[in-house]
Every structure is written in structure tokens, then in C-alpha cells.
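These notes are about the structure you will find just below.
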Amino acid sequence: MSATPLSQQARAAAPYMEGLNPEQRAAVEALDGPVLVLAGAGTGKTRVLTTRLAHILATGRARPWEILCVTFTNKAAREMKERVGAIIGAAVEGLPWLGTFHAIAAQILRRHAELAGLKSSFTILDTDDQLRLVRQVIQAEGIDEKRWTPRYLAALIDGWKNRGLTPEKLPEDAKWAFADGRGGKLYALYQQRLADLNACDFGDLLLHNITIFQKDAGVLAEYQRKFRYMLVDEYQDTNVAQYLWLRLLAQGTNNLCCVGDDDQSIYGWRGAEVDNILRFERDFPGAQVIRLERNYRSTGHILGAASGLIAANRERLGKTLWTEAEGGEKVQVRGLWDGEAEARFVAQEIESWVSRGRKYRDVAVLVRAAWQMRAFEDRFLMLGLPYKVIGGPRFFERAEIRDAHAYFRLVLSPDDDLAFERVVNTPKRGVGETTVRKLHEAARAAGASLAETARMLVETDEIRGPARAGLKAFLRDIDHWGSLAGSMRHDELAGLVLDESGYTGMWRADKSPQAEGRLDNLKELVRSMGEFDTLEAYLEHVALVSDLDTASDGDEVSLMTLHAAKGLEFPLVFLPGWEETVFPSQRALDDKGAAALEEERRLAYVGLTRARERAMISFTANRMIYGRWQAVIPSRFIDELPPAHAEAKSETGYFSHGGAAGVGEPAAEPYQASYDSPGWRRFQAARAAGRTGDVIDGRAREVSSVAGSGRWKPGDRVFHDKFGYGRVKSAEGSKLTVAFDKAGEKKVIDSFVRETP
DNA sequence: TGGGGGCACCTTTTT
DNA sequence: GGTGCCCCCA
């Protein structure tokens, strides 16, 4: 027997390599120099990433603390830790530099805070605190905050930070984006306020890192030496600041491996630059590019439909995904009357799926915007169909949780002005706006914190009456809790603070229906604190994590936005609301034009590629948006689906028989339309001619959408989803009176469509 | 100071 | 349609 080649021996010695395809193996073994792994949807990206990490460790190329591994979400970081741990069987605690961009940047910043003008105990502000601070800066400058809103400035500052721009580096023209050229000054003032508070916002974590690295060559060199291998997940979603940060660090060993998919870049509106991934080979000369193109997730038709769709994008590197699971079901496209009909349809399909022995948990409904969820929730609740909303209101962003955190922050540092301001009058202590303004002014004059200032003023006659008593009690409480901090378990202390402050009492006295839920949340909060060693550790955690783990493994349908669905997969996926203005979102198109359209298309691509076995797209003719009826036309993305992989079906007859926006005789029998059916062609023709139906909101003051007021004449024949056929009796202003054939009664209705002759 | 009524607003949201 | 916010009044 001939000797086994060495390479094969090495592979045999590495069981974790078992089952990898050649591309995946190449991505794991390309260890020298920059590497870009273009990993299409469902091609085993996480597997490659974790195996690569294990491989680096197993071959002794680096020790655990010499690897930097960055993800975007805590969930991804956690999953990675678990999977690496499972492969190498070692204590994954030994991977201290595996985490999110922000967590790692915070870790580095705490070590060198003084180089950024902070103390290492700095607090990390959330968006709410950030907004309040921006408002204060605007007010202090005497700028009209109606005309120039804090929200807008906060968004600008965020954008600048995402692009790695400190106030000093801000280009002249950028300053003109706010308050007649005062944008730059306000930005600088905001940064000064942050420094005074020993605080930073999310954007600062990376920005300060970059500043430190650029200012102090010694510190940079330390990290460049330390990180012998660098791995980055979801590279297509990095922003300029993250790119700069990575590039600075990578200049040491140059062993940077980025994994991503340009076709799944969907966070451009948050500052992500697809350009980073498109430019990789130029940014990192000598880079290897490895494509993972074998898809293990979806059927051939689903993959074909998704690939056909994404091919319409110009800005992409290009991949050809393939699968051995050829065939399967074509992607189905359904036209429906309105959102209610769509929800009925989806629910019915789910029930029939389950009646065939499948699970609710195998199903996901993916919407473009959160408001679309309501119609589905209503229907699911009515039917008792089990579902869960993923990524709903965030636990740590709820008012009661943030109030509680403010109390905890005060216990640790009474000089935390933002926390002080937040809860000084919650519950009511008679300390109103006037008193707080007085404190602010005095604090500014004295260069002291609000708490310090309050201590002084309550001893004078500046503050009198209930405000004085309230403040005194508040300060006394803070001191009292602070003195307990050393000697008590922090979760017990937390419960005590919430009780003694009267905060839980406030909610107990509240008779509104939400109050009970808020009390539950507070209880859950105190419970979850027990999982941390100290109050400080807990607060650091919540600052960098957006939500509690709500890992429920119940048998429930998942309802979420397309954004929230990235990284997930389901046997059956519903993609409702594929209508122009909804998806692609008109708002996005208005803001950013062609680039936004490509991003919307990528979002559609992400949606489709979540499906393993079956994908169902639907659209409606009438959509209620913000209480307004709108006539809508099918999304252009539907036209871009290759007919070889998608088919249009209709059982309602709305669009298959439709003249305009699906108005017409309901089909006598379930009607199966294909892509070139007469009904589909009529529908397209009506759409091309702009005849999309006239829609009236019976209660609105004016006729909405394409409907022209006064275009209705007595005798017009109309069709309504609920009431069937009818004739217009009178049309005065926006009020229409219609007699329906079936019911034979006159009635003003919410919406209907005029039949096209 | 605080509550109630009127009114503008309204995408997506990894940290 | 629903909600958060502002203003006005008690």
C-alpha cells in the first residue's frame, strides 16, 4: 500500500474537518494573509467560521487570547463560543476577544480610557440618554428645537461617528447640515458634555478606539502584536468606523479573515457600507477571495427564484449558488383583496400545513415593517393560532427598566446627572420642571453635578416648599443605598431600592392595564440581576445587549421583520405585503433612491433564502396604511422572479380575473393562474395603464390615494370585499352612499373599488 | 405641578 | 389606527 499523502494524514487527524466541502475547507485552511470568504445564504458560513477558529487553535498557530473574533450580535457571539467549545472541547472562557464590535471596543477603551479623556469607569449611554443630552446642548445654544430637532442632530452625529469623524475631522460642508452651520459646534459641545459626564455613546466606543490607536503608536502596536489572527463575521454590514478599526489592527500580522455576503447587506440605513466588502481586494492587497456557493438550505426553486431576483442588482460581486436539492415546489405568488384577506389566507395555509403533521415552529411570517404584524396578530389571536413576535418592544428599552437602571446608576455614582434627572421626580416628589431647571443653571455655574448642587441648594432658600422636602428625601435615600452597596447582595439591594424609592409602589397604585406587566418586568429584572457578580457587571452587560434571552422552544409561528430574520431559516416562509410603497418601501426610495432599491431587493433576497421547502409571497390590491386606504400595485420584485421558479396562483379571482387592481367577477371555481395566464396579463396591463382602482376612505376628510373626488356618479357599479356588488346612490364630497345588491340596504362603507368597465 | 385633551407623527434597528 | 408629545387649564 502506498503511503498516505501528508495532507490527508493531517486531515484525518482533524475530525472537525469531517464533512466540509472543498470550498469550505479552503476557507478554513487559508491562514496566511487577508482572506475574504464570500458566503452565500445557507452555505455553511458559521460552520466555516467556527471550524477555522478551532483549526487555528488545534494547529497551535495561536493561543485563544491571541485571536480577535468579531460579530455584530451577542447572539452570534454566543453561538460561536458554544460551537467552538463543542469542537475543541476546551474552556471557551479562554477566548476573551470573541464578541461584538462594541463589546470588544468597550473592553479596549476601559483599559486606555484616559487616552480618550475618560475615566475607566465611564458609563455607556443608550439612545434615550443620548437624545436628552443632545436636546440639552441645543437648548443651551438657544436654538429653536422645533425647527432643528434633537432627533435629527442625534442622527447626524451618529452618522458622523459611523464614518469615523470626530468634531475636529468633520468636513466644513457637513457642519452646514444643521442649524445654519452650527452642526460642528454642537457636535463638539455634545462631546464635551459626554466627557464632563464621564460617559460615551455607542458610536464613541469605536471612535475613541480609533483615536487612541492613531494617537498612540505604542498602544496600537500592542494590539497588533496581540491579535495574531482576526476573524470578522457579517463583513457586509460593517461601517466606515469599524473598517478603519479593523484596518488599523490588521496592519500587524495581516491575518484578517472576513466572512460576508454582499447580497445580504441590509443595514445601509444604519451606516453599513456595502462598499467595504466590494472593495476588499483593493483595501487588502494580496487578498484571497473564496466563494462558498453550495447551498444546503433551500430547494432548487426557492434558490432559483432568489438568485433570479438578486441578479437585477448592479452593485454586487456575483455568486452562483447551487444545490443538490433540485426541484421542490415553485415559489407561490398570491394576489389578495386587502390586509385582512391576506392574514386570513396566511392563517389558513398555516392551519393546513399543521393539519398535515407539520409544526407551527417550522413557519415564519416575514414583514417589511412592524406595523404589518398587527393584521396577522389579530387573525392569529382570533383563531388561537400560537405565534410569537420576534424582536418586539425591547426589554431594556422599556420605561420601567430604564427607570430602574437610573436608580442603580445613582447608587453607584450619585453624580450621574442623566440618571439623576431621569428619576428625581419619578415617582412624583414635587420636584418639577422649574426646580430641575434651577438645579441645571446652578450646576452649570458651579461646575458641579446635579446631586452636589441639590445638596447645596436644599440648605438655602433657593428651593422651598414641597420641592425642597422631596429633594432632601431623595438625596438621603441615595446616600443610604450607596452605604449599603458594599455589604448587601446587589440583587437584594436592587429590590430594596425599587421599594424604598416608592417606584414599585407607584406602579402598584397605577390602575392602567399595563401596570401589572411593568411590575412583572421589574420582578424579572431583579431576578436576572442575580446572574451577575456585581451591579457594575450587570450594568455593563445591559449597556451592550439589546434584549433578554427569550429562547422559547414552544411550538409557535414566528412573526418578525425581514431584518430580524437574517441568519434564521424555516421550512415554510410567508412573505406578505409585496406591494409598491410597502416593499420596496417608498420611504427608503425617497431617501436614497437607486441604492435603496438595491438594498430593498437584497432584503427580498434575504426573505426568500430563509425558506427551506416552501416560500409564499403575497400582495394586496388595497392596503390600509396609518388609517388611510391606499390602492396599491404589486411590487416590482414580483415581476423580477423568474417564471421558471415562481408561479402566480389565485383562488379568490381578484387578480387573476381582475381588470383593475383585481376588481372583477369572483372566480366561480378556484382558479389556477400561471405567469402568462390571461388574468395575470390583464392585471399587468391594468397596472401599466395606471388603472389601479379607486379607493375611498369613508371617514376621511378627503379622498385618498388615486381616487379623484367627484369621479363617482350615481349608478356606478362597485364591488366591496365584504358587501359584494352594489350601486352608488349618491356621491357628495367624500361620503358615498351605496346600495348593495345582496343586502339591499344603504350604507356608508369604509372602502371599495370602482369597477372598471 | 400634574392631568387631560388635542394634534402631529409614523421604516427597517445587530450595539 | 395608535401613540407620544405639547399645551392649556385647574
Side-chain angles (χ1 to χ4, degrees), chain A residues 70-78 99-106 124-127 130 145-146 149-151 155 158 161-162 200-206 233-234 236-239 241-242 264-272 339 366-375 378 390-394 396-397 399 425-436 465-467 470 514 540-547 560-568 577 581-592 596 599-600 602-603 606-607 623-629 697 699-700 750:
Chain A
V70 216
T71 63
F72 273 84
T73 65
N74 290 295
K75 196 173 140 220
R78 210 181 318 119
T100 64
F101 272 104
H102 290 88
I104 291 171
I124 302 166
L125 302 187
D126 60 23
T127 43
Q130 189 191 354
E145 56 176 311
K146 294 248 169 54
T149 65
R151 261 180 99 101
D158 246 13
K161 288 184 176 177
N162 284 340
C200 66
D201 63 22
F202 269 116
D204 280 339
L205 293 172
L206 276 147
D233 192 13
E234 308 276 17
Q236 77 281 357
D237 288 332
T238 49
N239 61 34
Q242 287 156 341
Q264 293 187 68
S265 165
I266 55 176
Y267 283 101
W269 50 275
R270 262 181 123 264
L366 310 182
V367 297
R368 175 64 180 83
W371 58 261
Q372 293 172 265
M373 291 185 194
R374 242 194 56 212
D378 284 352
I390 313 268
R394 311 194 151 254
F396 292 123
E397 283 167 22
N425 203 30
T426 314
K428 302 272 181 282
R429 294 189 178 88
V431 185
E433 201 191 320
T434 325
T435 312
V436 173
Q514 300 96 331
E540 176 82 355
H541 173 79
V542 298
L544 294 169
V545 163
S546 69
D547 216 341
M560 67 188 106
T561 63
L562 286 160
H563 285 90
K566 197 169 76 165
L568 305 176
T581 73
V582 175
F583 188 42
S585 151
Q586 190 59 49
R587 224 1 220 277
L589 265 42
D590 289 347
D591 284 358
K592 283 173 291 164
E599 182 152 317
E600 296 286 302
R602 291 193 289 268
L603 209 44
V606 167
R623 178 70 70 183
M624 170 98 94
I625 301 174
Y626 302 138
R628 257 307 132 92
W629 281 103
D697 181 338
R699 276 170 310 193
D750 286 346

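Residue numbers begin at 1 in each chain, while the letters A, B, ... track the order of the sequences.
- For the pair A/H563 NE2 and B/dT13 P, the interatomic distance rounds to 7 Å; values are reported in whole Å.
- Looking at which nucleotide of DNA chain B each of A/L589 and A/V436 is closest to, the 5′-most match is held by A/V436.
- Contact annotation for A/T100: backbone-only contact, meaning every heavy-atom pair under 4.0 Å involves sugar-phosphate atoms and none involves a base.
- Between the CG atom of A/D204 and the P atom of B/dT15 there is a distance of 18 Å, rounded to whole Å.
- How far CG of A/L366 is from NZ of A/K566: 14.0 Å, rounded to the nearest 0.5 Å.
- Within the nucleic acid shown, A/R374 comes within 4.0 Å of sugar-phosphate atoms alone, with no base atom in reach, counting heavy atoms only.
- The nearest whole Å value for the distance from the CG atom in A/L603 to the C1' atom in B/dT11 is 11 Å.
- The side chain of A/E600 lies closest to B/dT11, out of B/dG3, B/dT11, B/dT15.
- Residue contacts for A/F101: at a heavy-atom cut-off of 4.0 Å it reaches no nucleic acid atom on any strand shown.
- Distances shorter than 4.0 Å separate none of the side-chain N or O atoms of A/T561 from OP1 or OP2 on B/dT11.
- Residue A/R429 places no side-chain atom within donor-acceptor reach of the base of B/dT1, judged by atom type and a 3.5 Å distance cut-off alone.
- A salt bridge links A/K161 with A/D201; the closest basic N to acidic carboxylate O contact falls under 4.0 Å.
- Place A/W371 and A/G430 on DNA chain B by their nearest nucleotides, and A/G430 ends up nearer the 5' end.
- Remark: A/F101 CZ to A/D233 CG distance equals 9.5 Å, nearest 0.5 Å.
- Under the side chain to side chain donor-acceptor pair (under 3.5 Å) criterion, A/Q264 pairs with A/D261, A/R610, sequence neighbours left out.
- A/K566 comes within 4.0 angstrom of nothing in the nucleic acid, heavy atoms only.
- Among the heavy atoms of the strands lying under 4.0 Å from A/N425 are primed sugar atoms or P, OP1, OP2 only; no base atom is included.
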>> Please determine whether side-chain contact (heavy atoms from CB on, under 4.5 Å) holds for the pair A/L562 and A/F583, giving the CA-CA distance in whole Å, both sets of side-chain angles, and the decisive distance to 0.1 Å.
In response: CA-CA 11 Å; A/L562 286 160; A/F583 188 42; 3.9 Å; yes

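- The interatomic distance linking A/Q130 (CD) with B/dT15 (C1') rounds to 12 Å, in whole Å.
- The separation between A/K75 atom NZ and B/dT13 atom P is 14 Å, rounded to whole Å.
- In this structure, A/W269 forms an aromatic stack with the base of B/dT12, since both conditions hold: centre separation below 5.5 Å and plane angle below 30°.
- Contacts of A/A467 with the nucleic acid, taken as non-hydrogen atoms under 4.0 Å apart, are absent.
- Rounded to whole angstrom, the span from the OH atom of A/Y267 across to the P atom of B/dT11 amounts to 16 Å.
- Distance A/Q372 CD to B/dT13 P: 11 Å, rounded to the nearest Å.
- A donor-acceptor pair is defined here as one N or O able to donate and one able to accept, closer than 3.5 Å; such a pair exists between the side chain of A/H563 and the backbone of A/I266.
- Nucleic acid contact for A/T434: sugar-phosphate only, since backbone atoms but no base atoms lie under 4.0 Å from a heavy atom of the residue.
- Per the geometry, CG belonging to A/D158 stands 16 Å off P belonging to B/dT13, to the nearest Å.
- If you check every strand for non-hydrogen atoms under 4.0 Å, A/A369 touches sugar and phosphate atoms only.
- Residue contacts for A/T435: at a heavy-atom cut-off of 4.0 Å it reaches the sugar-phosphate backbone alone, with no base atom in range.
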